2 protein chains.
Amino acid sequence: MNKEDIKILIVDDENDILEFLSYNLKREGYQVFVCDNGREAIAKAKDIKPQLILLDVMMPELDGIETCRQIRNEKTLSDTLIAFLTARSEDYSQIAGFDAGADDYIHKPIKPRVLISRIAGVLRRFLSSDADANADIGGLVLDREKFIVFKEGNPVSLPKKEFELMALLMSKPGKVFLREEILDKVWGGDVVVGDRTIDVHIRKLREKLGENYIKTIKGVGYKFDL
Amino acid sequence: MNKEDIKILIVDDENDILEFLSYNLKREGYQVFVCDNGREAIAKAKDIKPQLILLDVMMPELDGIETCRQIRNEKTLSDTLIAFLTARSEDYSQIAGFDAGADDYIHKPIKPRVLISRIAGVLRRFLSSDADANADIGGLVLDREKFIVFKEGNPVSLPKKEFELMALLMSKPGKVFLREEILDKVWGGDVVVGDRTIDVHIRKLREKLGENYIKTIKGVGYKFDL
DNA sequence: AAGTCATTTAACGATTTCTTAATACTACGA
DNA sequence: TCGTAGTATTAAGAAATCGTTAAATGACTT
C-alpha cells in the first residue's frame, strides 16, 4: 500500500488546524479530506472510506468521542483507524477515547515531523504498510519511535537533527536528496542555515555510524546507500 | 504525457518573478503562459486549460486564494492543478490556501532546481506522468533518483555534468541533439562554454559506459542509440 | 555560575569536477 | 594527395564543491 492510495480525513472545527494538517499530509503524498464538524465527518467517512481519521476531541455539537462511537458503529468503516487530536491538558479524553475506539492520540500543538512519523506509525501498525517501517539496510536499523539507530545490533543514540537527517536519508535508500530538499525537510522551509551546516551533520553521522553509509554526490546532494 | 504537452500558467503581479519562472520552465520544455492578475488568469485558464497553475498568493485586486476558488468552481478546469507561490515568512498554517483547493505550495525565494523537481513532483503525483521515469535502453538504465547509470546491472556513478548530459541524450533515444541544444539544456542558455567542452564530456561518458552508446553526427551533434 | 551538549558558523584545506588549450586524428571533396 | 572542417584526445589549470576543525552560541543541567 502506497501513500498515494491512503485517504486521510481530518475533522476539526478550527480552520487553522485543518489547513496545517492538510498541508503537511498532502506534502507527504497522502490524499487528504477535511471537514469541520462531527456530523459531516460521519457522512464523509461513509462516502470516501478513509484509512485514517484524525478527529478533534473538542468540537461543538457532536464531539470527537461521540463521532468516534458512531463511526465505530458503521460496519463499512470497521477497518478505519481513528486518531484523536487533543490538547495536552485534556487527558481525561485518554480514557473516554480509547473506550470509544480510538487507535492513537496526537497531542496539540502538533509539529510536522512528529505528525508525519506518528501517522506513518499508526498506518504501519494496522495496515502492515511498509511506508516507512524501520528501515534495515546493511546492518543499520532506524527506530523512529525510540529515536535510536542500531548499528549491527548496537544502539547508537543521535541528537535530534542528526537523527532526522538520517531518517530522511534512510526513508528512500539510494535516492539522492538535494541540499535544498534536506534543508526543507529537516530544517524546515522557513529556516535559513548555511550549507556547511549540512556537511557538519553528515560528518557527525559518518563518525558515529561509519563512513560507508552516506555517499556524497558532488554538486547534487547526499544519499544513503551501500 | 510528455513535458511538451504540458501547459503551465503562471500568475504573479511581479514581472521579475514571471520572467524567472517562465524562463526556467520553458527551459525544461513545458509550454508556459503568463499573466499578472487574477481576473485575467481565470479567463486565460478557461481558454488554454493548463494542467498546472502557479499562483501568487499576494496580488492586488483579486488575490491568489480568491482566484483559486473561482478556478475551482469552473467545471472545465476540474483537473487543473494549482500550486501557490508564497513568501517564506507567510506560515502555511495561516494560509487559507488548501481550503480553496490548492495542490501544493512553493516557497519564494525560488531556486530553479527546487522548482523543477517540485513541479515534476506535483505533476507526477496527479497525472501519473512519466516525466522522470527511468530510461532503460539496450542494457543501460538511467536512474535519476539515485543519480546512477546502470550498465548491464552494474552501477556506474557519474559526475553531475556527465550525468545530465547522458540524461539528456537518453531522454530521446535516437534523436540527434545539436551542440547548441546540448549547451542550452545541460549548461543553461546563459552559460558560455566552448564547444570542446562537450566533446570532453562525451569522451568521459564513452570511457565509462562504452564506445557504442553515443554516436557522433558530424556537423550536427550527438545521439544516444544502439 | 559553571558545565554540558546540540547546533551553527567561519575559515581553510582537500578534492573533485569542469573547462580550456594545444595537438592529433578522420572523412571528404578538390 | 592535400587541404579543410569537424571531432577526439590529452594534460593541465581553474573553479566549484565538499570535508574538517575549532570556536561561538544558546538552551538546559547541575
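Please read all numbers here as calculations on a predicted model, not as lab measurements. For the numbers below, each heavy atom of this structure counts, side chains included, while hydrogens, waters and symmetry mates do not. Just so we're on the same page: letters track the sequence lines, and every chain starts at 1.
Computed from coordinates, the A:H201 NE2 to D:dG19 P distance equals 14 Å when rounded to whole Å. When rounded to the nearest whole Å, the span between CD1 of A:I202 and P of D:dC18 equals 11 Å. What separates CD1 of B:I198 from P of D:dT9 is a distance of 16 Å, to the nearest Å. Between B:L178 atom CG and D:dG6 atom C1' the separation is 15 Å, expressed in whole Å. Going from atom NZ of B:K223 over to atom P of D:dT7 covers 15 Å, rounded to whole Å. In this structure, NZ of A:K160 is placed 14 Å from C1' of C:dC5, rounded to the nearest angstrom. Here the C1' atom of nucleotide C:dT8 and the CD1 atom of A:I182 are 16 Å apart, to the nearest Å. Computed from coordinates, the B:E207 CD to C:dT17 P distance equals 13 Å when rounded to whole Å.
Not one N or O on the side chain of B:Q31 forms a donor-acceptor pair closer than 3.5 Å with the backbone of B:I6. For B:K151 (side chain) and B:L209 (main-chain N/O), a donor-acceptor pair under 3.5 Å exists by modelled atom type. Of the possible polar contacts, one joining the B:N24 side chain to the B:F20 backbone as a donor-acceptor pair under 3.5 Å is found.
Candidate nucleotides D:dT9, D:dC18, D:dA8 were compared by shortest atom distance to the side chain of B:V200, and D:dT9 ranks first. Of all nucleotides listed (D:dT7, D:dC18, C:dC18), D:dT7 comes nearest to the side chain of B:Y222. Closest to the side chain of A:R206, out of D:dG19, D:dA8, C:dT19, is D:dG19. Looking at the side chain of A:D199, the nearest of the listed nucleotides C:dT7, D:dT9, D:dT20 is D:dT20. Comparing C:dT7, C:dT17, D:dT7 by their nearest atom to the side chain of A:E162 picks out C:dT7. With distances taken from any side-chain atom of A:K204 to the nucleotides C:dT19, C:dT8, D:dT7, the minimum falls on C:dT8.
One finds a side-chain N or O of A:W187 lying less than 4.0 angstrom from the OP1 or OP2 phosphate oxygen of C:dT8. Regarding contacts with the backbone of D:dT7, a side-chain N or O of B:R179 is found under 4.0 angstrom from either OP1 or OP2.
At a threshold of 4.0 angstrom between heavy atoms, the contacts of B:F163 with the nucleic acid are absent. A:T216 comes within 4.0 angstrom of sugar-phosphate atoms only, judged by non-hydrogen atoms across all strands, and of no base.
Annotation: side chain of A:K172 is in contact with side chain of A:F177 (closest heavy-atom distance under 4.5 Å). Taking 4.5 Å as the limit, some side-chain heavy atom of A:I214 sits within range of a side-chain heavy atom of A:L169.
With DNA chain C read from its 5' end, the first of the two nearest nucleotides for A:K208 and A:R196 is the one closest to A:K208. If B:D195 and A:R203 are placed on DNA chain D by their nearest nucleotide, the residue sitting closer to the 5' end is B:D195.
For A:K218 and D:dT17, a side-chain-to-base donor-acceptor distance below 3.5 Å is present, hydrogens and geometry of angles not being considered.
A perpendicular orientation is assigned to the rings of B:H201 and B:W187, their planes being inclined by more than 60° (bins at 30° and 60°).
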